[in-house]
Structures are given as C-alpha cells and as structure tokens.
Amino acid sequence: MEIQRPRGTRDFLFNEMKERKCVESTMRQIFETYGYGEIKTPIFEELSLFTTKSGEGIKDQIYHFQDKGGRDLALRPELTAPVARMYIKELQKTPKPVKMYYFGSCFRYERPQAGRFRQFWQFGCELIGGKSPGSEAEVISMAAHCLEELGLKDFEIHIGNLGILRNILNDANIEGDMQDQVMGIIDKGDVNELANLLEDIEVDDNSKELLLKLIGMKGNSSIIKDVEALINCSEHACNALFELEELLKSLEAFGFSDYVVNLGIARGLDYYSGTVFEIYVHGLGAQKQISGGGTYNLIEVFGGENVESTGFAFGFDRVMDALKKQEKSIETKPSVKVFVAPIKNDLKLKAFEIAQKLRKNGISTDVDLVGKKLKKILSYADTLKIDYVVLVGARDLEEGNVTVKNMISGEQEIVSIENIAESLKHKLGT
RNA sequence: GCCGGGGUAGGGUAGGUGGUUAUCCUACGGGACUGUGGAUCCCGCGACUCGGGUUCGAAUCUCGGCCCCGGCCCCA
C-alpha cells in the first residue's frame, strides 16, 4: 500500500527549494539590514498559549495532542504568540525596542485550497517596545522594501487605524465583547450585516452613519482631511487620526508613499489597538492577502509588562505564489559545477581522490560512484548542466595529468593533477 | 464543516455507449558504440486512487472513503 502525504502538506523538490531558499535569503538580508536579529521558537507549544491569545474556539483549527506525560500541546498555528512568550521569559529586561525576525512553518487544521495549506511558512518580525509612528512606518517600509527587492509588482499596502473606530464605538457606548463583535464584522467587510447589527443594538443614528461612512474610506493621504471633517466631534478618535497622520508622514520620509489608507481594516481581537496593515496581490484567487500586521498589546495578555509591539508576517507560500504568477524568474542555477569521471572503472579510486581535492578547495563537485560507462556519465553531466567534466584516464595519468572538458564548447585541455583545483577555480571564475 | 470539478506508469496523455495483452509522448535503465555527451534506432521498466455494489465480465456504470483543484465558512 502506498503511503500518502498528509492532507494539505507538500513536498518541495530541488528546483522549488532553490527558489524558496532564494526568496528566504532575500528577506533575511533585508530584515537584517533594518537591524532585526533572527530567533527561533519550538514547533510545538503548550496549547494554552494559543487559546489564551485567540480563545477556546481556536482549538478546532489547531493540531493539538497530549504527549505521554499528559501535557496538552499544540503544533504552533502562528508565531506571534510564541515570540511573545519567549520575550517574557528571556528578553523583558533588554533595551527597547527589541527587533527580531523569524522564519518557520506553522500548522492549521483547515480545508486546503489555493494558497492555503495545513503546513505553511511564515516570515515575519516583531518590534517590541518603543511604540511610535516611526516604528510602525519603519516596519511597513521594510515590508515594502522586501517585495520591491523580490521584484514583486502590483502589491497594495492598506493601512488602517483601529483607534479611530474603537473610540467612536466607545463614544457610542459599544464596549467589551460587543465592540469586538462589531470589529469582527467590519473586518469581514459585510456592510449589511454591520448595519443590521448596529440597528439591533440601538446605536444612535449619528454614530451609525459615521461608522458606515468611515469603513468605506479608502484612498491616499488626502482622505485624512475628509475623515477629520467626519469625526470632528470626537476628541479620542481625533487623537488616533493624528497618530495615523504622523505614521503617513514618517512613511514618506522612509521613502514609501504608495500606500492605501483604508479605515475598513479591522481585527476582532481586543489587543489590537492602533495601526493595522495588510498587503494584497490581486490575481491570487481567494487568498490575495500575502501579509498582515499591526500594533498590539499581546505581552500583557500573557502576563508580561504592558508593552506594545508592532509586527507583521509574510505568508511565505503566498509570496512564492505571487512571484510565480508574475512569472518572476528566480535564480536556480545548478549548484554542482564539476563532474569527475573515471574513463575506466578501475580508476574510480583516483577519481574519488581528485573529486575530494576539488571539494576541499570549495568547488562543488560530483563524481561517479556506481561505475557508469563514460558515455552515460557525459550524458548525465549534460542533463545536469554541469560546466566541466574531469576525465581521469590511464594515458594522462602516466604523466600526472587529467583532461578537463568544457561541456558547453566541447573543448578539452590537459591539466596536471597538481594544478587541477586552481585551474578549475580560474575557469569557473571564482 | 459545506458546495462544485477532478484522480490512468516518475511527469504529460488516449480510451469512457462495459468485452482479449490499456494508447502515445517524455523521463528512466540497458544496448547498437571497450578514451568522449546532446542525434538516431532497438530492447526494457512502468499505471487504471482505495474499498464495496451491479455484471459472466468494470479504467468505463453505481455508492462510499482518501487525495488534488476551485469556491464558501474561517483566517489568530
């Protein structure tokens, strides 16, 4: 019986792995350029880490289990909670802001579909402490920088601010769970459902109208004035709006102005307080969102000090999808450059010796291990797009030489074994 | 959890109104060719997603599972 891959999981072969690696290292490099350090947390955590953050209902979508000691554990469904946990344990007393990034796989028990898998990868960061429009702007700029560096086109970064909405809800006496519920519906973008709910809970007409107008506000920085005119009666909401305005100014200073202000972005969880942003790429089907982030106070939820943090994560697989859809070619040169081929099988030990000499000199080298015929080796080297084949034969060997064959031009050159590494390095241009 | 479309060698496919040994391409292994690759020819390898049902007989019809694709719900 054939054993199948678990549902919603994937195998990555050589080429795909190379592409992923290439994107990963680009992201890594950018994040490090902005002063972030890499961290890594366990693949599984205590289940309660995630239920504390997102509620008991989240269990349905988590791979969780009991280990042999009866501990309730879960494969991590996301990385911000583990990072917050780690921060509290290890980093609370380090100078702020703490800037860290991570890359790792997460697991969710969901119905697989385009851009959605049961094991998927997130590449993200957290900037803990030092909340300011500047911090938020830097984080957003970095996200944009990554995508530009990768050559991704037509991405849209939407920026919103939950403080505006929450303050208006507060002023209308919608608080606590009801407020989170309203935010959840705004997040869904269902205007009718929102109107009905506001009707049901008897919100005054002014607030209702204001909310419905606000969540439709979308555009460049010029809409700030329109929003201001709308909410001029609310002092707290105006403070939040001012925060947003500061963020936009900082963003321009960081050199990124191609954003969309979108006050319809929301989150149904109460530790999201201020700035939120999402990145979309159209043409990816239902899963067009490739990244999401914002500012939140999660540390306190886990019993740490009251510190706000800003973070975001790329849905790594979706970034890959988007790049592929745009036919963005990603460098996938074969890594092996040289193949050492014994002309007769009785010279294989000499071939091993030469191959090893090249490897010790940093040249990616393959060697025939199974006694293939020369013809087959050359054919094999050809399909693998290998640059040079070192032919090890008795005639040359008598003089201490081998023949180096250029697989593209077909030219051959006799080289002494002594100089073989140097000669190949030179030919390969390294 | 729900709705729709699918599943034939490693990859891509033909066959579908039930009827010998399931088509073709490609890849792979061997040979023609004992120190020289990409071409050609020959040979070989290799599949009906799984299980039940109808039937003398199922890749084909039927039911269910599994998996894939698209969408809904959800999306921390």
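Within every chain, numbering begins at 1; the chains are lettered A, B, ... in the order of the sequence lines, protein sequences first and strands thereafter. Quick caveat, the model's predicted, so the values are computed rather than measured.
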Exercise for review: Select base, sugar-phosphate, or nothing to describe what E110(A) touches, counting heavy atoms under 4.0 Å on all strands.
Suggested key: base
Exercise for review: Report the residue (R118(A) or Y272(A)) whose heavy-atom-nearest nucleotide on RNA chain B is the more 5′ of the two.
Suggested key: R118(A)
Point to revise | Span that lies between the C1' atom of rG11(B) and that of rA47(B), in whole angstrom | key: 12 Å
Check your understanding: Within the side chain of T9(A), is there an N or O that forms a donor-acceptor pair under 3.5 Å with the backbone of P6(A)?
Key -> yes
Practice item. Please confirm whether R108(A) makes a cation-pi placement over F120(A), using NZ or CZ under 6.0 Å from the six-membered ring centre and within 45° of the ring normal. Key: no
Check your understanding: Among side-chain atoms of S273(A) and E308(A), is any donor-acceptor pair under 3.5 angstrom?
Key -> yes
Review point. Counting any heavy atom closer than 4.0 Å, what does G55(A) reach on the DNA or RNA strands: base, sugar-phosphate only, or nothing?
Key: nothing
Review point. Rounded to the Å, how far apart are E56(A) CD and rC74(B) P?
Key: 20 Å
Exercise for review: Count the heavy atoms of every other residue, nucleotide or ligand shown that sit under 6.0 Å from NZ of K348(A), and state whether that count exceeds 12.
Suggested key: no
Point to revise | Distance, rounded to the nearest Å, where I386(A) contributes CD1 and rU36(B) contributes P | key: 20 Å
Exercise for review: Measure centre to centre between the rings of F44(A) and Y63(A), then say whether the value is under 6.0 Å.
Suggested key: no
Exercise for review: Indicate whether OP1 or OP2 belonging to rG35(B) is found under 4.0 Å from a side-chain N or O atom of K344(A).
Suggested key: yes
Practice item. Report the distance from atom CZ of R5(A) to atom P of rC69(B), rounded to the nearest whole Å. Key: 9 Å
**Study point:** Pairwise P distance for rU21(B) and rG31(B), with rounding to whole Å
**Key:** 33 Å
Check your understanding: Which part of the nucleic acid does G8(A) contact within heavy-atom distance under 4.0 Å: base, sugar-phosphate only, or nothing?
Key -> sugar-phosphate
Check your understanding: Rounding to the closest angstrom, what is the interatomic distance between rC48(B) and rC43(B) at atom P?
Key -> 24 Å
Point to revise | Minimum-distance nucleotide to K372(A) side chain [options: rU36(B), rG29(B), rG71(B)] | key: rG29(B)
Review point. Where do E156(A) and K288(A) land on the salt bridge (Lys or Arg N to Asp or Glu O under 4.0 Å) test, with the steps shown first?
Key: CA-CA 10 Å; E156(A) 280 181 16; K288(A) 62 177 181 172; over 6 Å; no
Point to revise | Earlier contact from the 5' end, RNA chain B, for R7(A) and L284(A) | key: R7(A)
Point to revise | P atoms of rU49(B) and rG30(B), separation to the nearest Å | key: 30 Å
Practice item. Determine whether the side chains of Y388(A) and E413(A) contain a donor N or O and an acceptor N or O closer than 3.5 Å. Key: no
Practice item. Among the candidates rC75(B), rG31(B), rG38(B), find the nucleotide nearest to the side-chain atoms of D382(A). Key: rG38(B)
Check your understanding: So what does A114(A) hit on the nucleic acid, given a heavy-atom distance under 4.0 Å: a base, only sugar-phosphate, or nothing?
Key -> sugar-phosphate
Exercise for review: Under 4.0 Å between any heavy atoms, over every strand shown, what does L269(A) touch: base, sugar-phosphate, or nothing? Just pick one.
Suggested key: sugar-phosphate
Exercise for review: Using the P atom on both, measure rC25(B) against rG65(B) and round to a whole Å.
Suggested key: 39 Å
**Study point:** Rounded distance in Å between the P positions of rC24(B) and rA9(B)
**Key:** 16 Å
Review point. Touch check for L391(A), heavy atoms < 4.0 angstrom, all strands: base, sugar-phosphate only, or nothing?
Key: base
Practice item. For T403(A), answer base if it contacts any base atom (sugar-phosphate contacts may also be present), sugar-phosphate if it contacts only those atoms, and nothing otherwise; contact means non-hydrogen atoms under 4.0 Å. Key: base
Exercise for review: Scan A341(A) against the nucleic acid and name what it touches under 4.0 Å (heavy atoms): base, sugar-phosphate only, or nothing.
Suggested key: nothing
Review point. Taking N and O atoms by type only, does the side chain of R116(A) place a donor or acceptor under 3.5 Å from a partner on the base of rC75(B)?
Key: yes
Exercise for review: Using the C1' atoms only, state how far rC73(B) lies from rC56(B), rounded to an integer number of Å.
Suggested key: 49 Å
Exercise for review: Look at atom CD of E199(A) and say whether more than 12 heavy atoms of other residues, nucleotides or ligands are closer to it than 6.0 Å.
Suggested key: no
Review point. Using purine N1 to pyrimidine N3 plus N6-O4 or O6-N4 for Watson-Crick, or N1-O2 and O6-N3 for G-U wobble, each under 3.5 Å, what pairs with rG4(B)?
Key: rC69(B)
Exercise for review: Report which part of the nucleic acid D396(A) touches: base, sugar-phosphate, or nothing (heavy-atom distance under 4.0 Å, all strands).
Suggested key: base
Check your understanding: For atom CD of E300(A), is the number of surrounding heavy atoms from other residues, nucleotides or ligands below 6.0 Å larger than 12?
Key -> yes
Point to revise | rG64(B) to rG5(B) separation - P atoms, rounded to the nearest Å | key: 13 Å
Check your understanding: Do other residues, nucleotides or ligands put more than 12 heavy atoms under 6.0 Å from the CD atom of E418(A)?
Key -> no
Check your understanding: Q61(A) side chain: which of rG30(B), rG37(B), rC74(B) is closest?
Key -> rC74(B)
Review point. Think K373(A) has a side-chain N or O under 4.0 angstrom from the OP1 or OP2 of rU36(B)?
Key: no
What N/O pairs connect the protein and nucleotides 4-8 of chain B at under 3.5 Å? Give each pair on its own line.
none

Study note, to complete from the structure: Scanning all shown strands, the Watson-Crick or wobble mate of rC74(B) with both distances under 3.5 Å is none
Check your understanding: Between the base of rU36(B) and the side chain of K405(A), is there a donor-acceptor distance below 3.5 Å?
Key -> yes
